[in-house]
Chemist: 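Structure in structure tokens, see below.
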Amino acid sequence: MNIMDYDLFNDLEKFHLSNYEIKAYSCLLMNGPMKATEIIKETGIPQPRMYDILGKLQKRGLILINSSLKKTYEAVMPADAFKEELINMEKYVNQLDTFIKINKKKIPAKSPNVWFIENDSRIETKLEESIEAAKTEIILSLPETRIRYLLPVMRKAYNNGVTICSVLGNNVGSSVIKLMSEIGVVRTRDVTPAEIVIVDRKLSFLNAKSITEGSDYSVFIQEDELVDIMGYYFYYMNWIPSKYETDFSQFRKLKISTSWLACEAIDNILEKRKRINATLKGIYSLKEVDMKGEIKSTVRIQGVKQSFILSTPDRDYTVGGKNGKLEDVRMIELNMDSILI
């Protein structure tokens, strides 16, 4: 196949190059310096058009001309040739984004916030934005490539006090497990878990293809009831079948907003004979309250309740999830500080 037939070069039309200009430019890129007659022979461009085309390419800064006796033409690499255009385009896009963010009408959501995304780069950008906005916890199971891409923003979240809990499968190397263990709780399992990320119990991500081969899309959900369902799916399908590599006792301070995860952390820490001092934000008697005390134990019945006992100077309270009905307090956010007894 002739090099001019590659579809990749045809996309140069996005930079407003004509068909003949693309042929001449790509010919010089692939062959190095050439004379006009050699370009004509290689590309089939009519001779009367050649010098006009070369002149336009030179004016655009895409080629250089050696004005010696045997005049030759040399292509400038695309990264340099289109550098100014790309800078100007990026500047324009940033200005456009800023304008929209400032002037966009604040319209209250009237339907569930669910996004279906297929493009990998957009998925990773959305995940990066979600993790960057985390305040309390990040629960995840992802393949190695995505974890490596997101490591810098996850490390930043950890440094900001966010609790990170991951379930990693047999497709993740030991070096990544070690890196994730430095910034959070890690569990592993022998099979590849479904790709899920849940942030602050407010937003969840699911790669549908990781569950069924018939699907080829990812979904981001920002709707309480659906996020709750995703959280319990993660718990039963990813968390329970896995085992600890790094447990909660390795981290003195933890922030958590999911009840089953809080109970996992409490049981794990109490097993290590540590005392847990806690600050709780929750709903008590239909009012938002802040409480301080010591966590004594958990009360867990699979499929029924995931709760714990918070002992305050006033009395002992049972604390459950945000939708809990069997407990005294519904948890919004739990901050734990554990120390050896």
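Since this is a predicted model, take the numbers as computed values, not measurements.
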Chemist: What's the spacing between Asp267 CG and Phe308 CZ if we round to 0.5 Å?
Modeler: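 One finds 11.5 Å between CG of Asp267 and CZ of Phe308.
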Chemist: Can Leu270 be reached from Leu340 by stepping across I, L, V, M, F, W or Y side chains whose heavy atoms are under 4.5 Å apart?
Modeler: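 No, separate clusters.
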Chemist: Identify the heavy atoms of Leu17 and Glu21 that sit nearest to each other, and give their distance.
Modeler: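 Answer, listing the atom of Leu17 first, then Glu21: CA-OE1, 3.4 Å.
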Chemist: Does the side chain of Leu150 reach to within under 4.5 Å of the side chain of Glu128, using non-hydrogen atoms?
Modeler: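 Yes, side chains in contact.
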Chemist: May I ask you to test the Arg189-Asn238 pair for a side-chain heavy-atom distance under 4.5 Å?
Modeler: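 Side-chain contact under 4.5 Å: yes.
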Chemist: Surrounding CE of Met237 (heavy atoms of other residues, nucleotides or ligands, distance under 6.0 Å), is the total greater than 12?
Modeler: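 No.
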Chemist: Name the orientation class of the two ring planes belonging to Trp239 and Phe248 (parallel below 30°, tilted from 30 to 60°, perpendicular beyond 60°).
Modeler: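 Trp239 vs Phe248 ring planes: tilted.
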Chemist: Do Glu74 and Asn66 have side chains that get closer than 4.5 Å, going by heavy atoms?
Modeler: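 Side-chain contact under 4.5 Å: no.
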Chemist: If we count only N and O atoms by modelled type, under 3.5 Å, do the side chains of Arg201 and Ser259 hold a donor and an acceptor together?
Modeler: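 No, no side-chain donor-acceptor contact under 3.5 Å.
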Chemist: Side chain to side chain donor-acceptor pair (under 3.5 Å) for Arg122 and Ser218? Distances and angles first, verdict last.
Modeler: CA-CA 10 Å; Arg122 290 179 184 174; Ser218 293; over 6 Å; no
Chemist: Test of understanding: clusters of I, L, V, M, F, W, Y form through side-chain heavy atoms closer than 4.5 Å, transitively. Do Tyr51 and Ile39 belong to the same one?
Modeler: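 Tyr51 and Ile39: one cluster.
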Chemist: Once rounded to the nearest 0.5 Å, what's the spacing between atom CZ of Phe234 and atom CG of Leu261?
Modeler: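 Here the rounded value is 8.5 Å.
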Chemist: Counting only heavy atoms not in Lys126, do more than 12 sit closer than 6.0 Å to its NZ atom?
Modeler: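 Count over threshold, so yes.
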Chemist: Given Lys253, which partner from the list Asp337, Asn335, Thr163 fulfils the side chain to side chain donor-acceptor pair (under 3.5 Å) test?
Modeler: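 Of the listed options, the one satisfying the test is Asp337.
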Chemist: Quick check for you: to the nearest 0.5 Å, what is the distance between Phe9 atom CZ and Cys27 atom SG?
Modeler: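 Reported value, rounded in 0.5 Å steps: 9.5 Å.
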Chemist: Counting N and O atoms only, with roles assigned by atom type, does the side chain of Thr312 sit under 3.5 Å from a partner on the main chain of Asp314, one being a donor and the other an acceptor?
Modeler: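 Yes: the side chain of Thr312 pairs with the backbone of Asp314.
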Chemist: When you compare the side chain of Ile269 with that of Leu254, does any pair of heavy atoms fall below 4.5 Å?
Modeler: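 Result yes, sub-4.5 Å side-chain heavy-atom pair found.
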Chemist: How many angstroms lie between atom OH of Tyr20 and atom CE of Met50, to the nearest 0.5 angstrom?
Modeler: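 Rounded to the nearest 0.5 Å, the OH-CE separation comes to 9.5 Å.
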Chemist: Grab the two heavy atoms, one from Ile131 and one from Ala157, that are nearest each other, plus how far apart they are.
Modeler: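 Reported closest heavy-atom pair: O-CB, 4.2 Å.
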Chemist: Checking side-chain contact (heavy atoms from CB on, under 4.5 Å) between Thr136 and each of Asp200, Thr258, Val162, which is the one that passes?
Modeler: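 By the side-chain contact (heavy atoms from CB on, under 4.5 Å) criterion, Thr136 pairs with just one of Asp200, Thr258, Val162: Asp200.
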Chemist: Would you confirm whether Glu85, through its side chain, and Phe82, through its main-chain N or O, come within 3.5 Å as a donor-acceptor pair?
Modeler: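 Not confirmed, Glu85 side chain does not pair with Phe82 backbone.
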Chemist: Leu326, Val299: one ILVMFWY side-chain cluster at the under-4.5 Å cut-off?
Modeler: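 Hydrophobic grouping puts Leu326 apart from Val299.
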Chemist: Would the number of heavy atoms belonging to other residues, nucleotides or ligands and lying under 6.0 Å from NZ of Lys272 be above 12?
Modeler: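 For Lys272, atom NZ is crowded (more than 12 foreign heavy atoms under 6.0 Å).
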Chemist: Answer yes or no: does atom CZ of Arg315 have more than 12 heavy-atom neighbours from other residues, nucleotides or ligands under 6.0 Å?
Modeler: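 Yes, CZ of Arg315 has more than 12 neighbouring heavy atoms, counting only those of other groups under 6.0 Å.
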Chemist: Tell me the closest heavy-atom pair linking Ser307 and Arg300, and the distance in Å.
Modeler: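 Looking at all heavy atoms of both residues, the closest pair is O-CG, 4.5 Å.
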Chemist: Using side-chain heavy atoms (C-beta onward) and a distance below 4.5 Å, is Val185 in contact with Thr246?
Modeler: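 They are not in side-chain contact.
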Chemist: Report the C-alpha distance between Ile183 and Leu151 in whole Å, list the side-chain angles of each, state the deciding distance to 0.1 Å, and finish with yes or no for side-chain contact (heavy atoms from CB on, under 4.5 Å).
Modeler: CA-CA 10 Å; Ile183 61 173; Leu151 258 173; 4.2 Å; yes
Chemist: Checking side-chain contact (heavy atoms from CB on, under 4.5 Å) for the pair Asn170/Thr192: CA distance, chi angles, key distance, verdict?
Modeler: CA-CA 6 Å; Asn170 57 5; Thr192 303; 3.1 Å; yes
Chemist: Please step through salt bridge (charged side-chain N to carboxylate O under 4.0 Å, His left out) for the pair Asp52 and Lys56, ending with a clear verdict.
Modeler: CA-CA 6 Å; Asp52 178 53; Lys56 288 180 178 178; 3.7 Å; yes
Chemist: When rounded to the nearest 0.5 angstrom, what distance separates CD1 in Ile309 from CG in Asp328?
Modeler: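 Between Ile309 CD1 and Asp328 CG, I get 8.0 Å after rounding to 0.5 Å.
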Chemist: Evaluate whether atom CG of Asp97 has more than 12 neighbouring non-hydrogen atoms of other residues, nucleotides or ligands under 6.0 angstrom away.
Modeler: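 More than 12 heavy atoms, drawn from other residues, nucleotides or ligands, come within 6.0 Å of this atom.
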Chemist: Check Glu195 against Pro143 and note the closest heavy-atom contact, atom names and distance.
Modeler: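 For Glu195 and Pro143, the tightest heavy-atom pair comes out as CD-CD, 3.3 Å.
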Chemist: Find out whether Asn171 and Glu144 are in side-chain contact, i.e. whether some heavy atom of one side chain is under 4.5 Å from a heavy atom of the other.
Modeler: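 Side-chain contact under 4.5 Å: no.
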Chemist: When hydrophobic residues are tied together by side-chain contacts of less than 4.5 Å, even through go-betweens, does Met77 share a cluster with Leu57?
Modeler: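 Cluster IDs for Met77 and Leu57 match.
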Chemist: Within a strict 4.5 Å, meaning less than it, do heavy atoms of the Phe205 and Leu142 side chains meet?
Modeler: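 Yes, at least one pair of side-chain atoms sits under 4.5 Å.
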Chemist: Is it true that Asp247 and Arg187 make a salt bridge, defined as a side-chain N closer than 4.0 Å to a carboxylate O?
Modeler: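 Arg187 and Asp247: not salt-bridged.
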Chemist: I'd like to know if Glu333 pairs up with Lys135 as an ion pair, taking the criterion as any Lys NZ or Arg NE/NH1/NH2 lying under 4.0 Å from an Asp or Glu carboxylate oxygen.
Modeler: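 No, Glu333 and Lys135 are not salt-bridged.
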Chemist: Compute whether any side-chain donor of one residue and acceptor of the other, for Tyr244 and Glu264, lie under 3.5 angstrom apart.
Modeler: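 Indeed, the side chains of Tyr244 and Glu264 share at least one donor-acceptor pair under 3.5 Å.
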Chemist: When you look at Phe15 and Tyr25, which way does the side-chain contact (heavy atoms from CB on, under 4.5 Å) test go after all the steps?
Modeler: CA-CA 12 Å; Phe15 292 93; Tyr25 179 52; over 6 Å; no
Chemist: side-chain contact (heavy atoms from CB on, under 4.5 Å) between Leu140 and Met154: does it pass, once the steps are laid out?
Modeler: CA-CA 11 Å; Leu140 67 91; Met154 284 196 285; 3.4 Å; yes
Chemist: Are Val191 and Ile147 in one and the same hydrophobic cluster, where Ile, Leu, Val, Met, Phe, Trp and Tyr link if side-chain heavy atoms are under 4.5 Å apart?
Modeler: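 Unlinked, Val191 and Ile147 end up in two clusters.
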Chemist: Go through the steps to decide whether Glu245 and Thr188 satisfy the test side chain to side chain donor-acceptor pair (under 3.5 Å), and finish with yes or no.
Modeler: CA-CA 7 Å; Glu245 297 289 335; Thr188 57; 2.8 Å; yes
Chemist: Does the distance from a Lys or Arg side-chain N to an Asp or Glu carboxylate O, for Arg60 and Glu84, drop under 4.0 Å?
Modeler: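 So Arg60 does not pair with Glu84 through a salt bridge.
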Chemist: State, to 0.1 Å, how close Lys274 and Ser249 come at their nearest heavy-atom pair, and which atoms those are.
Modeler: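 So the minimum-distance heavy-atom pair works out to NZ-O, 2.8 Å.
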Chemist: With rounding to the nearest 0.5 Å, note down the distance linking OH in Tyr73 to CD1 in Ile63.
Modeler: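 If we round to the nearest 0.5 Å, Tyr73:OH and Ile63:CD1 are 7.0 Å apart.
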Chemist: Do the non-hydrogen side-chain atoms of Leu29 and Pro78 ever get within less than 4.5 Å of each other?
Modeler: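 Counting from C-beta outward, Leu29 and Pro78 do come under 4.5 Å.
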Chemist: Parallel, tilted or perpendicular: which describes the rings of Tyr158 and Phe251, with under 30° parallel and over 60° perpendicular?
Modeler: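 If you compare the ring of Tyr158 with that of Phe251, the planes turn out perpendicular.
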Chemist: To check you understand the geometry: which heavy-atom pair defines the closest contact between Glu137 and Lys255, and what is its length?
Modeler: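 Looks like CB-O, 4.0 Å.
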